[in-house]
There are 2 protein chains.
Amino acid sequence: MTTISAGPDATSDSPGVRHVKRPTPLRESVYEALTEMIIDGTLERGRHLVEVELAGMLGVSRQPVREALQRLNNEGWVDLRPGFGAMVHVPAEDEVDQLLAARAALESESARLAARNPDKDAVAKLKELCKVGAGLQESGDIDGAVRTNAELHGLITEMSGNRFLVDFAGQVDRRVRWYYTPVAPVRGAASWREHTRLVKAISDGDEDKAAQIMREHTEHTRKAYHELQAGAAPEQTPVVEKKPTRRRRTTD
Amino acid sequence: MTTISAGPDATSDSPGVRHVKRPTPLRESVYEALTEMIIDGTLERGRHLVEVELAGMLGVSRQPVREALQRLNNEGWVDLRPGFGAMVHVPAEDEVDQLLAARAALESESARLAARNPDKDAVAKLKELCKVGAGLQESGDIDGAVRTNAELHGLITEMSGNRFLVDFAGQVDRRVRWYYTPVAPVRGAASWREHTRLVKAISDGDEDKAAQIMREHTEHTRKAYHELQAGAAPEQTPVVEKKPTRRRRTTD
DNA sequence: AAATGGCACTTGGTAGACAGTCTACCAAGT
DNA sequence: ACTTGGTAGACTGTCTACCAAGTGCCATTT
């Protein structure tokens with residue numbers, strides 16, 4: 001949930017203890033709501049986010065919104081300009097590359113560690129996810145396939161048993177998901193074949209192979225993104241053009 | 001500075017433009033102050049941090065303190081318990097391992113990318129840092145050596161040209177520095193020899209070698225930490241034992 | 001057409017208030 | 001001796017109101 005800390009819900013205390021749901025702080029809900037709105041495009045890239053506006057929109061006061069915005073800023077979803085406000089982040093062209101490079105490092109290491117300790121149940125779940133994902137892909141449910149993809153990658157990082165890899169890879173994955181969804185349709189089928197090979201390597205405990213497949217997998221994703229980009233957007237698409245619709249001064 | 005975003009101070013605009021220093025937001029200063037106090041031990045592990053107390057201590061109001069605390073929570077320096085407050089994080093025993101495993105992945109990838117594009121000036125700076133660091137180590141200035149070590153690692157990640165690696169590795173490094181400082185004395189000399197070899201590999205543009213040396217380097221650090229730990233604390237050292245010293249019921 | 005001045009808007013920070021919750025403690029009951 | 005119930009204090013989470021300072025835009029002036 002948080003970035004690094006040992007999330008209180010991630011801790012598996014002695015089996016049998018079930019913490020009752022603690023009332024989620026508003027800032028958390030606001031944070032979730034905003035990321036969701038950014039990912040699904042309700043809040044377009046470059047859009048000017050005004051605290052009171054969001055507060056009204058979500059039915060809370062400025063405070064939780066501020067706190068959520070700062071977290072969003074820290075994680076790169078929005079850019080905070082002092083004295084002006086927050087803008088939904090507009091990705092630079094080289095950003096996806098860097099994101100995927102980081103992901104390659106994080107997740108290939110995760111895959112290696114997962115293969116080093118291939119828990120039976122987890123591997124079964126992986127196989128299940130592969131099957132489901134390929135099915136969704138084939139049936140054209142792109143959104144579902146992307147979500148399943150995220151779930152699979154998430155599970156693999158968790159199998160690494162490394163809290164930090166989980167957190168970092170989680171952040172990166174969510175960002176990738178934001179940029180990547182339009183690419184998924186073309187990339188899909190091959191991607192799921194690779195997943196299947198990857199799961200096999202993990203299940204066999206073949207560290208090097210698992211790490212390498214994951215690395216290549218990410219690399220293929222990167223290539224697919226670029227090909228699509230080159231083909232689809234030869235003309236500059238100006239994403240940012242949301243003039244804040246200033247009110248006239250005189251009339252009202 | 002922040003976690004992922006393109007830090008506004010990291011941007012090197014067209015040469016010649018010199019942004020006047022903008023008054024740093026208070027929350028930033030508070031954040032810095034608190035991490036410093038945590039690292040140097042002024043705020044002991046497990047200590048309960050009270051907002052108004054810190055606010056008074058730093059001469060600001062609650063709000064900036066809250067914002068700083070939330071960031072500290074996101075980055076794992078403190079644990080925030082809803083309705084109760086923040087406690088300075090108490091590291092689990094396996095945490096250093098996980099931290100160093102993550103660091104191995106992040107920095108060995110960084111070293112690889114740095115070697116792929118070994119900027120002349122940066123390499124010169126690296127060599128300089130190696131010399132300085134070894135000197136400090138020899139002269140017994142541990143604090144300085146640790147700082148120089150951080151600087152060297154930081155520069156290498158920056159040479160990767162990958163904003164995300166820089167951010168993540170930066171976070172991890174700061175955390176490592178927190179746990180690691182007591183280990184530095186014993187580890188020092190060998191560490192700086194490895195640095196020298198690493199810099200040579202980068203300067204030669206030998207990707208694989210650079211990545212591997214960095215990985216082994218981190219692994220050695222991990223081993224050193226464990227040896228020290230095993231030697232210095234054979235008896236369980238309960239860091240958190242603030243049993244509330246239950247008062248006897250009868251006598252007083 | 002470009003510089004200038006002014007204005008509206010937004011954030012950053014402060015202060016105070018209040019409900020909900022967490023902890024500790026105490027007392028009575030079993 | 002152990003559990004239960006109750007009480008009190010402390011602290012957070014959230015809201016409201018407010019002010020100073022900074023930012024960007026517009027209209028006017030040059």
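We name chains A, B, ... by the order of the sequence lines, and we start the count at 1 in each one.
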Does any N or O in the side chain of B/H89 come within less than 3.5 Å of the main-chain N or O of B/L72, such that one atom is a donor and the other an acceptor? no
Say whether, by atom type as modelled, one donor and one acceptor occur between the side chain of B/R27 and the main chain of B/L69 under 3.5 angstrom. no
I need the CG-C1' distance between A/L80 and C/dT10, as an integer number of Å. 11 Å
Restricting to nitrogen or oxygen on both sides, can you table the protein-nucleotides 13-15 of chain C pairs closer than 3.5 Å?
unit_1 : atom_1 : unit_2 : atom_2 : d
C/dG13 : OP1    : B/L26  : N      : 2.3
C/dG13 : N7     : A/R66  : NH1    : 3.2
C/dT14 : OP2    : B/S61  : N      : 3.1
C/dT14 : OP2    : B/S61  : OG     : 2.4
C/dT14 : O5'    : B/S61  : OG     : 3.3

Identify, between A/R81 and B/H48, the residue whose nearest nucleotide on DNA chain D lies closer to the 5' end. B/H48
With no hydrogens and no angle check, is any side-chain donor or acceptor of B/R175 less than 3.5 Å from a backbone partner on B/E75? yes
Main chain of B/L80, side chain of B/N73: is a donor-acceptor contact present, judged purely on distance under 3.5 Å? yes
Taking DNA chain D as the partner, which of residues 49-57 of chain A come within under 4.0 angstrom of it by heavy atom? none
With no hydrogens and no angle check, is any side-chain donor or acceptor of A/E151 less than 3.5 Å from a backbone partner on A/T148? no
NZ/NE/NH1/NH2 to OD/OE distance under 4.0 Å, B/R47 and B/E44: yes
Using Watson-Crick pairs (N1 to N3, plus N6-O4 or O6-N4) and G-U wobble pairs, both distances under 3.5 Å, which stems of at least 3 pairs involve DNA chain C? C:1-30 with D:1-30
For A/S160 and A/N162, does a side-chain donor sit closer than 3.5 Å to a side-chain acceptor? no
Please report, rounded to the nearest Å, how far the C1' atom of D/dT14 is from the CD atom of B/Q70. 12 Å
Judged by atom type as modelled, is there a donor-acceptor pair below 3.5 Å linking the side chain of B/E95 to the main-chain atoms of B/A92? yes
Could you give the CG-to-C1' distance, from A/L69 to C/dT10, as a whole number of Å? 12 Å
Whole angstrom value for the distance that separates P of D/dC15 from CG of A/L58: 11 Å
Between B/Q98 and A/R163, is there a donor-acceptor pair closer than 3.5 Å when you use the side chain of the first and the backbone of the second? yes
I'd like to know if the side chain of B/H226 reaches the main chain of B/T221, judged simply by a donor and an acceptor atom lying under 3.5 Å from each other, with no hydrogens or angles considered. no
Taking the inter-plane angle between the rings of A/F168 and B/F168 on a 0 to 90° scale, is it parallel (under 30°), tilted (30 to 60°) or perpendicular (over 60°)? tilted
